[in-house]
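Below you'll find the structure, written out as structure tokens, and then a few comments.
What's counted below: heavy atoms across the whole structure, side chains too, no hydrogens, waters or symmetry copies. Letters go in sequence order (proteins before strands), and every chain restarts at 1. Remember, predicted model here, so these are calculated numbers, not experimental data.
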Amino acid sequence: MSVAEVVVDVPTMQTNRPFEYAIPNSLEDVVVPGMRVEVFFGRGKRKVQGFVMKINETSSFSGKLKPINRVIDLRPVLTPEMLKLSSWLADETYSFEISCLQTMLPSVMRAKYKQFIEPVEEFVDDQEVISLLDGNPSLEITPQMSDEKLQLINHLRRQNKIKIEYVVENQARQLKRQAITTELNTIQLHEQKNNLRSNAKAQFKLINFLIDNLDKLPIEMGEVEGISRATIKTAEKNGLLKIVEVTKRRKPIEITPEQTTKLNLTEEQKSAVDQINDSIDNSKSDTFLIEGVTGSGKTEVYLQSIERALKQGHSALMLVPEISLTPQMVNRVTGRFGDKVAVLHSGLSNGERYDEWTRIENGEAQVVVGARSAVFAPLKDIGLIIIDEEHEASYKQDDNPRYHARNVALWRAKQHKCPVVLGSATPSLESRARAQKGVYHLIYMKKRVNEHPLPHVQIIDMRDAENSAVKGDISPLLQDNLYRAIKRGEQAIVLLNRRGYSSFMMCRECGFTLKCPNCDVSLTYHKDLAKMKCHYCGHDEPVPSICPNCKSKKIGFYGTGTQNIEHQLNEILPQARVLRMDVDTTHKKGSHAKIIKAFGDHKADILLGTQMIAKGLDFPNVTLVGVINADTTLSIADYRASERTFQLLTQVSGRAGRADKEGHVIIQTFNPDHYAIKDASKQDYENFYKQEMYLRHQSNYTPYYFTTLISVAHKDEGQALKQGYWLKRQLQEALSDHAILLGPTPTMISRKQNKYYYQVIVKYKHEPKLHQKLLDILNDTQADTKKGFTIAIDNEPQHID
DNA sequence: AGCACGCCGACT
DNA sequence: GTCGGCGTGCTC
């Protein structure tokens, strides 16, 4: 009798390992690794879902094995590759294996548990039982139930009058629709048509419809126009056609495929494609980093490489930051590869996501375009993985499992022996440094395809009284340029940099920001303490009322909302049509794409928005880009602040002058001499890279050091802090003198969900004991979880806040 | 997580 | 005596 190793859906440290279950004879040839099964787990009659990881001939368990209850899937939902990946991922991200297995599948395949109360047979007629069940044979236990009711349930259960039935539900369901099809061929249909009675007009029409659409069958009933259901029924009775059930694919986001023919490549593009294709042809898992300026034609390189992979019989995976942000990219891929493309992104409903997943799983789609989680797409025989805008922080998931899609992609590439292509105009420092060391192959694309010059960038020093408008945030120069662009019938994009908004202090007189004396990051305002605090080392100081640098009283929290700017624009340029895009206006599904389309159709003159307008949008009529406040990202308390600012400014500048009109960019800032702003204005990534690497080296940050952030939380602040110190002591024991330990410090939103959060940061180069120590710490803290402690470990955090 | 077991104080 | 509350330990 064979035995299955099953990882059960009980996400705790103690159950984070496979449990053995006997495979009953009836399921002997059915159960295979990668399948989901239902098993009894624990003392009671609790049923849970589990994943079969492995099948053995013998058991190593000394006790009596329980049998597998039933299988949830007829075929395995995870391939051996994915099972292996989940183990690696669990280890890498310090997460439960079950969480990793579940994140690889569409959410509808996550088990839903229900509990029902049923009377024990002898007590079916018991008065208390009858009143509890209200005369029904069973009652579902819901979280909304009143405490009294739950108490009564407990009471009756202790008396053994009722029992609890567990139901494990699979939510995955495909939409079924009725469709018509026929087994007759054209000739037979023509014969049938001739045999019709002359007054059978509707039947005549129907047969014609069938003849015309023979190659498209089966066709859904709803799509047959002008023919009634009764007509179809009659035809079915006469053997003309058959009614079948088809699984209807729910319609994913509105994609308007952009038909582009294969373009002729420039020298740079050709060289890039050749290098990538060589790896595809020879099944080498090389990693390429394409550092290409905006407009250098990276997309065409991607498309032609995908084409090569397909031609070689492989599939291809392409990751983009967040699809709803780059509809134009999706449109181009679907335009080139049509039905072969599956699209996965956060805008899909759970059902839609499941449908797309199914299309990939059964091989209908060989090209997958998607956001972060698409890296787990069940593609077979991958020939190429592309990560566009590889520097984007959204590739890292910020809750468990905290994986980075780039690392998962590299892992899968090794399994599939295929290349990975990372593309960006502003690569992350980590990737660029790896390319420097020769770990990645660096490909430069310095020329723009259309040979247009880069936009002319102007930096406005807002400390200068002439530039800072008397009222409001829009400098006279930007006002003037907006006016003239609109007058010429051109469009403009205005970016309001909102991240880090209002949590730091800046002097409007001299541009001074309050920084930590030890860590070289901005101090952040803590409302509950009414103090300025450093997130790295915990240093704090009082909130200043005058600028320590120039003694001006104009120091304050910095930040304006998009609505405010919209107001100002309306006042200054009453004739301009302003379209605002921010979290408020894009809340509804699809509204994002609508705004983009409206702007593309020139239904507005100015597109005003936050970060989200900076990415991947391509509007030929935009000639002017204005950045209201370039500094906010610079001042957030994160060592990546300069990198983020540089990336944002470079990207948004690239939005100006994409077609044959020259572009103009105006950047308003209080820090005109900062290298991130200066280099962005020149689109000089390489210089920025050198500068930033130097500073990272000086202050021991990524990529010179690895960082791991561990945070603990508790309802009681004292307890949380105590745990923080305990954590630090534990780490100190295990680490060498070379490692740097910071904290414990409170986090900015130190009281989400009524809990206090403290974090410890480890910076290190080589600490072989760290991994195991963290696992031990996790284990110890998990045991305390009932006492209200929670812990989170984030390897290479994207932001520290 | 969720369940049973077991120890302990409180109460019909 | 026994009911119910809570701490502890285990789940193939």
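The distance between atom CD1 of A:I98 and atom P of B:dG2, rounded to the nearest whole Å, is 14 Å. C:dC10 atom C1' lies 16 Å from atom CE of A:M13, rounded to whole Å. With rounding to whole Å, A:H155 atom NE2 is found 15 Å from B:dT12 atom P. Regarding A:R110, its CZ atom lies at a distance of 17 Å from the P atom of B:dA1, rounded to whole Å. When the C1' atom of B:dA1 is taken as reference, atom NZ of A:K112 falls 19 Å away, rounded to whole Å. With rounding to whole Å, A:K163 atom NZ is found 19 Å from B:dG2 atom C1'. One interatomic measurement links the two molecules: CZ of A:F61 to C1' of C:dT11, which rounds to 9 Å at whole-angstrom precision. Per the geometry, CG belonging to A:D9 stands 13 Å off C1' belonging to B:dG2, to the nearest Å.
The residue among A:R17 and A:R43 whose nearest nucleotide of DNA chain C is located toward the 5' end is A:R43.
Using a 4.5 Å cut-off on side-chain heavy atoms (C-beta onward), A:L74 and A:V30 make no contact.
The aromatic rings of A:F376 and A:Y403 stand perpendicular to each other, their planes meeting at an angle above 60°, with 30° marking the opposite boundary.
Within the 4.0 angstrom heavy-atom criterion, only backbone atoms of the sugar-phosphate kind lie near A:Y21; the bases stay farther away.
In the displayed structure, A:F706 atom CZ is contacted under 6.0 Å by at most 12 heavy atoms of other residues, nucleotides or ligands.
Heavy atoms only, all atoms of each residue included: A:I98 and A:D9 are closest at CG1-CA, 3.6 Å.
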